[in-house]
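Letters A, B, ... mirror the listed sequences (proteins, then strands); counts begin at 1. As the structure is a computational prediction, the values presented were derived from the model and not from experiment. Note: hydrogens, waters and symmetry copies are ignored here, and every other heavy atom, side chains too, is used.
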Number of protein chains: 2
Amino acid sequence: MTEAEHRSLERLEVRQRQLRRGAVLVRENEGAGELYVLKRGMLMSYVLLDDGSRQILRFHFPGDMLAVSGLVYRRSPETVVALTDTVVCPFDRAEMTGIVTEHPRLAAIIMAVNQMERVALTDRLAALGRTSAKGRVAALLLEIRNRMRVLDKGIDGTFTLGLTQEEIGDATGLTAVHVNRMLRQLEDDGLLSREAGRVTFLNEGALARMANYTDRFSGIDLSWLPAAR
Amino acid sequence: MTEAEHRSLERLEVRQRQLRRGAVLVRENEGAGELYVLKRGMLMSYVLLDDGSRQILRFHFPGDMLAVSGLVYRRSPETVVALTDTVVCPFDRAEMTGIVTEHPRLAAIIMAVNQMERVALTDRLAALGRTSAKGRVAALLLEIRNRMRVLDKGIDGTFTLGLTQEEIGDATGLTAVHVNRMLRQLEDDGLLSREAGRVTFLNEGALARMANYTDRFSGIDLSWLPAAR
DNA sequence: CGCAGCTTTGAGATCGTTCAATCGTCGTGG
DNA sequence: CCACGACGATTGAACGATCTCAAAGCTGCG
């Protein structure tokens with residue numbers, strides 16, 4: 001990126017807000033208006049259904065933009081909550097106007113990132129619609145580990161999940177009880193081991209196969225991006 | 001939109017291609033490169049899993065852009081197939097470069113549409129993860145009817161679905177057999193009636209409630225869009 | 001020490017699938 | 001005009017995956 005592009009993005013990060021684990025950043029159905037860049041920590045967004053059940057839609061990692069639906073909807077379609085202590089940088093959606101106008105290439109990059117997020121969502125949709133409980137849990141573990149590894153190259157087969165089994169269930173469309181059983185099965189099958197919240201992959205290939213997991217990080221091609229202004 | 005913006009968009013539609021029902025526009029894992037604007041007809045996109053099962057990800061209606069993942073991925077992550085006879089307008093992704101550079105407001109509008117699509121996907125995710133089979137079928141019917149109504153104001157409680165029960169199943173994560181039973185139940189419950197492929201909603205409120213359906217068409221706010229250049 | 005929240009395990013109930021058979025419709029070829 | 005075949009819709013019966021309910025066990029924290 002050019003100097004000017006960097007300066008423009010940094011303008012989104014002048015303010016900072018700290019959140020404790022469990023703090024709500026945006027609440028479903030409440031007025032949106034502000035967007036955020038995630039600086040440090042991990043969050044999730046979810047919706048609540050009429051019967052009180054919860055579907056976790058996405059996990060957020062540093063570098064992600066949060067509450068982007070505020071660009072379109074007057075009220076947020078989803079709740080965003082901190083899973084760890086986090087630092088976010090709020091900015092007004094009017095800032096977006098400036099970026100798009102002055103830096104077409106940044107606009108294009110944002111569109112590209114949107115597509116990647118969309119594909120990640122469709123992968124999860126296929127998992128919920130067409131794979132077994134065991135496969136879904138495996139897919140979630142792989143996805144989160146891979147997501148963490150993008151930012152921390154040191155992570156390999158062992159990592160700290162940082163989710164309760166109830167949260168895993170709400171992300172995969174399962175019950176906490178059944179998540180527990182699936183984790184035990186994966187362990188009994190010799191595919192992973194667990195201790196004190198840390199997960200170790202023992203047979204990543206087999207996990208990926210049973211999860212129908214597709215790596216989307218390779219195969220990216222951004223050659224169409226416009227030149228920097 | 002301004003004159004110039006219209007001209008720019010029309011440049012995407014200079015070429016036209018006709019497709020028969022069943023024709024494949026883009027095949028999963030094959031080289032992408034071209035994007036499309038859907039002019040007439042209806043398509044779907046789906047992925048195939050290792051065990052041969054299929055998850056339908058989305059239905060496409062006139063005005064939609066198709067195969068947009070070609071902006072990012074060298075190989076298409078999904079297959080796109082015509083559900084009716086259709087007309088699409090192929091354009092090169094390099095055209096996108098021009099639009100983003102010359103018309104920031106169009107870039108912003110495209111970003112807004114992306115968000116709306118993303119929210120539609122998360123609604124389906126919540127449906128697959130956390131609602132009953134009957135609710136999912138009802139949600140699909142409502143979604144498609146509402147989508148059709150955007151383009152054809154004449155449509156009310158009665159419409160032609162144009163999907164087989166197997167397709168409904170692949171979209172909702174169910175078996176064709178079970179879709180059949182759920183449709184029968186919805187009928188027996190007095191919520192809808194069917195004949196010759198046409199569906200009539202008899203109690204739309206109850207359908208929406210059982211489907212946990214949220215109307216996203218209202219509540220849209222695009223006031224942040226930059227001025228036209 | 002004692003509570004609160006998370007994990008673990010068992011037993012039985014439910015929902016959705018699988019397998020198999022029948023029926024209807026429509027287009028094709030004779 | 002009719003027979004045939006393909007495909008989709010429909011229905012029944014049995015099976016199996018996942019849920020629900022209930023009871024412990026574990027861990028960290030005030």
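Computed from coordinates, the A/Arg21 CZ to C/dG5 P distance equals 13 Å when rounded to whole Å. Whole-Å rounding puts the A/Glu167 CD to C/dC6 P distance at 8 Å. Remark: P of C/dT14 and CG of A/Leu174 are 20 Å apart, rounded to the nearest angstrom. D/dC7 atom P lies 11 Å from atom CD of B/Glu166, rounded to whole Å. To the nearest angstrom, P of C/dT9 lies 14 Å from NE2 of A/His178. Look at CG on B/Asp170: it is 12 Å from P on D/dG8, rounded to the nearest Å.
If you find the closest nucleotide of DNA chain D to A/Thr131 and to B/Leu183, the one lying nearer the 5' end belongs to B/Leu183.
Contact annotation: A/Arg194 side-chain N/O to C/dT8 OP1/OP2 distance is under 4.0 Å. Residue B/Arg130 places none of its side-chain N or O atoms closer than 4.0 Å to OP1 or OP2 of D/dT18.
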Below 3.5 Å between N/O atoms, which protein atoms pair up with nucleotides 22-28 of chain C? Just atom names and distances, please.
none

Show me the protein contacts with nucleotides 27-30 of chain D, counting only N or O atoms at under 3.5 Å.
none

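With salt bridges taken as basic N to acidic carboxylate O contacts below 4.0 Å, one links A/Asp123 and A/Arg216. The existence of a salt bridge linking A/Asp189 and A/Lys134 is confirmed by a sub-4.0 Å separation between a basic side-chain nitrogen and an acidic carboxylate oxygen. A salt bridge links A/Arg17 with A/Glu34: the distance from a Lys NZ or Arg NE/NH1/NH2 to an Asp or Glu carboxylate oxygen falls below 4.0 Å. Using a 4.0 Å cut-off between charged side-chain N and carboxylate O, B/Glu28 and B/Arg75 make no salt bridge.
Checked against ring pair (Phe, Tyr, Trp, His ring centres under 6.0 Å), A/Phe201 has the following partners two or more places apart in sequence or in another chain: A/Phe159. Evaluation of the side chain to side chain contact (heavy atoms under 4.5 Å, CB included) rule for B/Ala126 yields A/Val47, A/Leu49, A/Gln55 as partners, not counting sequence neighbours.
Here A/Thr164 lies in heavy-atom contact (under 4.0 Å) with sugar-phosphate atoms only. Within 4.0 Å of B/Gly173, counting heavy atoms only, lie sugar-phosphate atoms of the nucleic acid but no base atom.
Checked by atom type, the side-chain pair B/Thr160/B/Arg198 shows a donor-acceptor distance below 3.5 Å.
Using five terminal pairs a side, the axes of the helix from C/dC1-D/dG30 to C/dG30-D/dC1 at its two ends make an angle of 30°, given in steps of 10 degrees.
At least one side-chain heavy atom of A/Leu125 sits less than 4.5 Å from a side-chain heavy atom of B/Leu57. Side-chain contact between B/His60 and B/Leu83 is absent, with no heavy atoms from C-beta onward closer than 4.5 Å. In this structure, the side chains of A/Phe61 and A/Met42 come closer than 4.5 Å at one or more pairs of heavy atoms. In this structure, A/Met65 and A/Met96 have side chains that are in contact, with non-hydrogen atoms separated by less than 4.5 Å. Residues A/Arg184 and A/Arg194 have side chains in contact (heavy-atom distance under 4.5 Å, counting atoms from C-beta outward). Here the side chains of A/Ile56 and A/Glu167 are in contact, with some heavy-atom distance below 4.5 Å.
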Checklist outcome for this item: Quick tally for nucleotides 11-16 of chain D: nucleotides whose base has a protein heavy atom under 4.0 Å get B, sugar-phosphate-only ones S, the rest -, giving BBB---
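The side chain of B/Gln165 has D/dT10 as its nearest neighbour among D/dT20, D/dT10, C/dG16.
For B/Asp152 (side chain) and B/Gly154 (main-chain N/O), a donor-acceptor pair under 3.5 Å exists by modelled atom type.
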